[in-house]
Amino acid sequence: MANSFANPFERSRYLGSVSLVSPAIVRVNLPFATEVAPSQYAGHRVTRGQVGEFVVIESYAAAVIGRIVEIQLPDRDRLSVEPERKEGDEVANPIGVIRLLGSVDLNFSKSSRGIAEVPRIGDYVYLAHPDFMRFVIAATQGKAADPIIVGHLRGAPETGIALSPASLFGRHCAVLGSTGGGKSWSTARLIEQISTRKGKVILLDPTGEYHSLGDIAQHVHLGGQRSGADDLRRFVSFPYRHLNEIDVFAILQPSPGVQAPKLRDALTSLKLVQIEPTLADADGYLIKLNAAKQPINRALLKHDTAIRSPSANYDITKLSRQILNECVLPMGSSKLHYGAVHDFSHSGCVTLCMRVESAVISPHLAPIFSPPAYMEDLTDVIRSFMADDTKSVLRISLQYLAFEHHTRELVVNAIGRHLLGMARDGAFKKTPLVVALDEAHQFLSKTVGDDVNKVQLDAFGLIAKEGRKYGLTCLLATQRPRDIPEDVLSQVGMFVVHRLINERDQAVVVNASGVLDGSAAVFLANLRDGEALVVGGDSIMPLPIMMTPPVRRPHLPDVERKTWLHGAD
């Protein structure tokens, strides 16, 4: 036997012997389970059988790892544990149910999820030593460079758990848990650990609570207003040209009969005159009234790729009038010319033009349609951040971004689409990027817009499915796993699962993880604050870990501006 770990079969940690065997579980006699208090041995707490404890079953040349999921007394012994027992009453004979998790080859110091040899009747069962459990975890993952300390095993503060960066972020990571369970703290901890390793993280912060990351991050606010010359916060915009046509339609909601085609034609015309200004009149509009078709059609064919490219520029302040300019008869004096004003379409587009004008001047949509001069383009900020070696974290606060017109959902989806476009262009091959999305359930598996102009929020789902091959991975944090698409969660390689009370949430995690099962999921509702089950593709078992708190603990930004004004952040 290798001597690099504690002896897993110490007599002082003996619990009992196997009395029933099945492929997935065994039953074991627990003769000491009714002892009032646990004993101490060699400085470690030694229980005599408690639900949730890890155990080791002695088998030939292997140690089978399991977890106690149930303890019961036979009916005939149920009164034997009462305080007033009569002399001659039977002694309690508790029986434990153990879920088999994996096995360790003691000759070659290797562990795996498979059970090399199923336990036999009479095999001895021992309480797992913390040092042995640490060895089991390390033997599964192998030696990792610069591992991340995530916490310690439940009930064993001396047993720190270190996971490799590749196991945490190599196949995406999800931090799940009900409000108050420690989800935000774990997210902040992981971001801090990436920062210490000079990795790159873009954090989308819907509530602003991660402003506490302080000087390890660049902080920008999407939307919002300066409150004076002494306001040192950095405000950014996401200009409308980065939205695609479907996004714009979802905001402006044109009717399908007349308005939608004219809006599409107007957007195309404005992009065309931006590329070829000679086609526009003195005010910058493309006039089709009685105009020749040939120059316009020739230019459309010539610049088709540029017009359809992402972020093609145009002047949205001219959109409402350009819509009306599109309302002409398809033929005039000849087939080669447009005709006069088409009264029906012209009158039908008036309400659309009113919505366009209202949107352009709306203060809620200002970061999109009319950003102040002090607002930088977020896409430029992201590009500069990736080229900057001094900062590892870019926090994008969405605190001031409005919910009206589904602005928040559409913009976050567009940011994800922009990052995926950068990834496909090779921007993250040399320097991989983790994009962290808090409150992820708000931005995935949703359709926004009216019945006609629907937008499926699929950008982060696409990142989960294909971003990894381009060096782009995601960290999804949510309190509602049931609202995350199953095909997205199935791409996640590491789950940090805090307390989950809702049974549907538990079922989603069980189905998505591929490691967690019903017997382990029942523990999720009783996890303490800060405690989590860490479930990963490289782990021999779900690990109950008390997560290490972050140095910079998230909290709602009730004093954020005051902090920034004094330069403390």
Within the distance-only criterion (no hydrogens, no angle test), does the side chain of [X] pair as donor or acceptor with the backbone N or O of [Y] below 3.5 angstrom?
X: Ser311; Y: His242; result: no
X: Lys465; Y: Asp487; result: no
X: Asp505; Y: Val509; result: no
X: Arg408; Y: Pro206; result: yes
X: Ser212; Y: Arg553; result: yes
X: His219; Y: Gly214; result: yes
X: Asp425; Y: Ala427; result: no

Less than 4.0 angstrom from a charged side-chain N to a carboxylate O is my criterion; do Asp529 and Arg499 meet it? yes
Taking NZ, NE, NH1 and NH2 as the nitrogens, is one of them in Arg395 or Asp438 under 4.0 Å from a carboxylate oxygen of the other? no
Counting neighbours of [atom1] on [X] that are heavy atoms of other residues, nucleotides or ligands and sit closer than 6.0 Å, is the number greater than 12?
X: Arg482; atom1: CZ; result: yes
X: Ile246; atom1: CD1; result: no
X: Gln72; atom1: CD; result: yes
X: Asp380; atom1: CG; result: yes
X: Glu503; atom1: CD; result: no

Could you grab the distance from atom [atom1] of [X] to atom [atom2] of [Y], nearest 0.5 Å is fine?
X: Leu500; Y: Gln479; atom1: CG; atom2: CD; answer: 10.0 Å
X: Ile149; Y: Thr548; atom1: CD1; atom2: OG1; answer: 7.5 Å
X: Leu476; Y: Leu489; atom1: CG; atom2: CG; answer: 7.5 Å
X: Thr478; Y: Lys183; atom1: OG1; atom2: NZ; answer: 7.0 Å
X: Leu524; Y: His498; atom1: CG; atom2: NE2; answer: 11.0 Å
X: Arg504; Y: Asp483; atom1: CZ; atom2: CG; answer: 7.0 Å

If every non-hydrogen atom of [X] is compared with every non-hydrogen atom of [Y], which pair is closest and at what distance?
X: Ser103; Y: Ile115; result: OG-CA, 3.9 Å
X: Leu263; Y: Pro254; result: CD2-CG, 3.7 Å
X: Ser22; Y: Leu100; result: O-CD1, 4.4 Å
X: Leu527; Y: Ala532; result: CD1-CA, 4.0 Å
X: Phe54; Y: Leu127; result: O-CD1, 3.7 Å
X: Ala459; Y: Gly416; result: CB-C, 3.8 Å

Side chain to side chain donor-acceptor pair (under 3.5 Å) evaluation trace for Thr473 with His172: CA-CA 5 Å; Thr473 56; His172 313 297; 4.9 Å; no
Can you check whether [X] reaches [Y] side chain to side chain, under 4.5 Å on heavy atoms?
X: Asn413; Y: Asp458; value: yes
X: Leu433; Y: Met422; value: no
X: His129; Y: Val56; value: no

Aromatic plane relationship, Tyr400 with Phe235 - under 30° parallel, 30 to 60° tilted, over 60° perpendicular: tilted
Parallel, tilted or perpendicular: which fits the ring planes of His211 and His555, with parallel below 30° and perpendicular above 60°? perpendicular
Sort out for me which residue in Val69, Val125, Ile65 forms a side chain to side chain contact (heavy atoms under 4.5 Å, CB included) with Ile98. Val125
Passing option when Ile415 is tested against Leu437, Leu222, Thr379 for side chain to side chain contact (heavy atoms under 4.5 Å, CB included): Leu222
Begin with the C-alpha distance, continue with both residues' side-chain angles, and end with the deciding distance and a verdict on side chain to side chain contact (heavy atoms under 4.5 Å, CB included) for Val28 and Leu15. CA-CA 9 Å; Val28 58; Leu15 296 179; 5.8 Å; no
Using side chain to side chain contact (heavy atoms under 4.5 Å, CB included), reason through Met375 and Val236 one step at a time and then give a plain yes or no. CA-CA 4 Å; Met375 284 189 177; Val236 297; 5.7 Å; no
Full working for side chain to side chain contact (heavy atoms under 4.5 Å, CB included) between Thr407 and Leu365: CA-CA 7 Å; Thr407 305; Leu365 297 174; 3.0 Å; yes
